[in-house]
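Worksheet for the structure shown next.
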Amino acid sequence: MYVNGVTLRNRGLPDSHRIGVYRQTGGYGALAKVLQGPMSPDQIISEMKLSALRGRGGAGFPTGLKWSFMPKGVAGTKYLLCNADEGEPGTCKDRDIMRYEPHRLIEGMIIGAYAMGARSGYIYIRGEFVEPIRTVEAAIDEAYAAGLLGERILGTDFSFDLAVHRGAGAYICGEETALMESLEGKKGQPRFKPPFPASYGLYGQPTTINNVETFASVPDIVLHGGEWFLKLGKPNNGGTKIFSVTGHVRNPGNFEVPMGTPFRDLLGMAGGLHPGRRLKAVIPGGTSTAMVAGDAMMELAMDYDSISKAGSALGAGSVIVIDDSVCIVRVVERIARFYMHESCGQCTPCREGMGWLWRVLHRIENGQGREPDLDLLQNVGSRIEGRTICALADGGVAPVVSSLRLFPEEYEHHIRQGSCLVTDSRSVA
């Protein structure tokens with residue numbers, strides 16, 4: 001379901017990935033408005049700021065402000081990168097944009113390149129996404145053939161080249177500086193910041209990186225104005241957002257809705273819970289965000305500020321619904337195993353700490369937990385958070401610490417009885 005759809009508006013049309021269909025529905029009209037209008041780069045960035053579009057890749061940083069950081073009048077090439085790695089467990093939205101609306105992504109990148117003076121761009125796509133890769137590469141070929149990429153776009157002095165780069169499935173390469181390291185042919189590990197990419201990015205040149213959904217929102221902002229986009233959502237949270245709703249719902253999928261939509265309504269769009277089940281918890285932004293208790297989540301709106309006030313984060317919009325049939329300890333043990341495996345190993349607190357967290361959780365889950373383990377988990381988590389170059393470790397700690405706060409009785413039952421509280425209660429019933 002798409003309410004006031006922006007980034008996936010054409011998804012139901014036959015051949016929506018082809019340039020002909022995209023242009024018939026107004027596609028590349030925003031680019032023509034920019035280059036032939038003309039709109040100045042400063043005007044574009046002003047509209048982006050007014051729109052309150054925040055980065056859809058997880059951090060939620062204001063896009064217009066980010067674009068304004070790109071320096072003017074510098075020698076050499078400036079780069080524009082699209083993060084299409086989408087490795088966050090629970091997230092499956094960007095691949096749909098690439099499958100069904102690749103030209104919307106491409107148009108957004110061309111406009112962004114013009115606004116920031118970038119000459120070259122790359123779309124960094126997770127290597128497992130075979131269909132999205134083929135679709136985006138074909139769309140780029142169509143754009144070149146139509147004179148929308150390459151030299152003198154639409155007969156103007158503006159030129160921009162764009163190519164796809166295939167990643168190798170490393171979660172850490174979703175972090176922007178690790179992505180740049182990978183693009184340069186090096187091991188995907190985050191860089192220290194500062195310097196920030198806008199001053200020292202790909203190949204040492206000024207670089208801006210945005211997410212697929214972020215770029216795909218740009219054409220409509222340019223066509224209709226920043227204020228129009230802002231009013232689709234709410235103050236400081238403009239536009240629509242795609243939420244990937246998975247877990248214990250009857251109709252999982254991607255739902256594009258206005259920012260600020262009540263979670264209760266989003267859950268209804270996903271078909272609600274299975275009959276007889278109760279909402280236990282929700283992970284609102286992917287597995288790198290803190291759990292929120294089910295009752296509390298039912299009172300929240302789906303926007304960055306509301307979820308932040310509840311002690312979690314909207315992230316990339318990966319909503320994982322957990323009902324009362326699930327053992328929280330088992331969920332968190334599996335999440336911790338993922339982050340232990342995906343740590344790049346550069347920072348000791350992450351490399352060693354995530355392994356500690358998983359081993360203690362594994363011990364508890366398998367009936368070998370000890371009373372001091374709960375304090376040990378809290379202690380290890382506190383020694384990891386805020387002590388690494390990137391946010392991977394903080395993300396791995398968040399579900400552990402939040403689950404200890406929300407569901408201590410499940411951990412205590414595992415330790416004292418050597419078994420799962422959920423399984424025991426269901427077998428007794």
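What's counted below: heavy atoms across the whole structure, side chains too, no hydrogens, waters or symmetry copies.
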Answer yes if the side chains of [X] and [Y] hold a donor-acceptor pair under 3.5 Å, and no otherwise.
X      : Y      : value
Ser120 : Asp161 : no
Thr348 : Arg351 : yes
Trp67  : Asn210 : yes
Ser382 : Asn379 : no

Are [X] and [Y] ion-paired here, with the side-chain N under 4.0 Å from a carboxylate O?
X      : Y      : answer
Lys93  : Asp96  : no
Glu227 : Lys231 : yes
Arg166 : Glu128 : no
Asp42  : Lys72  : yes
Asp305 : Arg54  : yes
Asp373 : Arg363 : yes
Arg264 : Glu299 : yes
Arg56  : Asp94  : no
Glu101 : Arg11  : no
Glu107 : Arg23  : no

Within the 4.5 Å heavy-atom criterion, are [X] and [Y] side-chain neighbours or not?
X      : Y      : answer
Asp303 : Lys234 : yes
Val6   : Glu256 : yes
Leu377 : Leu357 : yes
Leu13  : Thr25  : yes
Tyr22  : Pro219 : yes
Cys390 : Ile172 : yes
Phe255 : Val245 : yes
Val34  : Val222 : yes

- Task: Using salt bridge (Lys or Arg N to Asp or Glu O under 4.0 Å) as the criterion, point out the one residue from Glu175, Glu176, Glu181 that pairs with Arg191.
- Result: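 That would be Glu181; it is the only one of Glu175, Glu176, Glu181 passing the salt bridge (Lys or Arg N to Asp or Glu O under 4.0 Å) with Arg191.
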Quick check for you: to the nearest 0.5 Å, what is the distance between [X] atom [atom1] and [Y] atom [atom2]?
X      : Y      : atom1 : atom2 : result
Leu183 : Lys186 : CG    : NZ    : 11.0 Å
Leu223 : Lys33  : CG    : NZ    : 6.0 Å
Ile123 : Ile140 : CD1   : CD1   : 4.5 Å
Thr207 : Leu202 : OG1   : CG    : 5.0 Å
Met259 : Leu53  : CE    : CG    : 9.0 Å
Met298 : Leu267 : CE    : CG    : 5.5 Å

Donor-acceptor pair, [X] side chain versus [Y] backbone, under 3.5 Å?
X      : Y      : value
Glu342 : Tyr171 : yes
Asn211 : Glu213 : yes
Asp324 : Lys280 : no
Thr91  : Ala316 : no
Asp15  : Arg18  : no
Thr135 : Glu131 : yes
Gln346 : Pro190 : yes
Lys78  : Met116 : yes
Ser343 : Tyr339 : no
Asp85  : Gly169 : no

Indicate the atoms forming the closest heavy-atom contact of [X] with [Y], along with that distance.
X      : Y      : result
Val21  : Pro14  : CG2-O, 3.6 Å
Arg250 : His274 : CG-ND1, 3.5 Å
Leu230 : Pro235 : CD1-CA, 4.2 Å
Pro206 : Met70  : O-CE, 3.8 Å

- Task: Check the angle between the aromatic planes of His362 and Trp358 and answer parallel, tilted or perpendicular using the 30° and 60° thresholds.
- Result: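 Ring orientation, 0 to 90° scale: parallel.
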- Can the ring centres of Phe229 and His224 be said to be less than 6.0 Å apart?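 Between His224 and Phe229, which both carry aromatic rings, the centre distance is not below 6.0 Å.
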- Query: What about the rings of Tyr79 and Tyr203, do their centers lie closer together than 6.0 Å?
  - Reply: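 Tyr79 vs Tyr203: aromatic centres under 6.0 Å.
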- Give the intermediate values and the outcome of side-chain hydrogen bond (donor to acceptor under 3.5 Å, both in side chains) for residues Tyr411 and Ser403. CA-CA 9 Å; Tyr411 285 91; Ser403 66; 2.7 Å; yes
[atom1] of [X]: more than 12 outside heavy atoms within 6.0 angstrom?
X      : atom1 : answer
Arg330 : CZ    : no
Lys193 : NZ    : yes
Arg334 : CZ    : no
His341 : NE2   : no
Phe338 : CZ    : yes

- Mind running side-chain contact (heavy atoms from CB on, under 4.5 Å) on Leu361 and Trp356 for me, showing each step along the way? CA-CA 9 Å; Leu361 286 163; Trp356 268 100; over 6 Å; no
- Task: Show your working on side-chain contact (heavy atoms from CB on, under 4.5 Å) between Leu374 and Glu412 and close with a plain yes or no.
- Result: CA-CA 8 Å; Leu374 301 185; Glu412 292 165 0; 4.0 Å; yes
- Message: Whether Lys241 engages the ring of Phe243 as a cation-pi pair (distance to the six-membered ring centre under 6.0 angstrom, angle to the ring normal within 45°) should be assessed.
- Response: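 Judged by the rule (NZ or CZ under 6.0 Å from the ring centre, within 45° of its axis), Lys241 counts as positioned above Phe243.
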- How far apart are the C-alpha atoms of Val397 and Gln378, what are their side-chain angles, what is the distance that settles it, and do they pass the side-chain contact (heavy atoms from CB on, under 4.5 Å) test? CA-CA 9 Å; Val397 170; Gln378 295 277 11; over 6 Å; no
- Task: Evaluate the criterion ring pair (Phe, Tyr, Trp, His ring centres under 6.0 Å) for residue pair Tyr114 and Phe160; output intermediate values, then yes/no.
- Result: CA-CA 8 Å; Tyr114 173 77; Phe160 179 64; over 10 Å; no
- Message: The test is side-chain contact (heavy atoms from CB on, under 4.5 Å); show your working for Cys173 and Tyr124 and say whether it passes.
- Response: CA-CA 9 Å; Cys173 288; Tyr124 187 103; 3.6 Å; yes
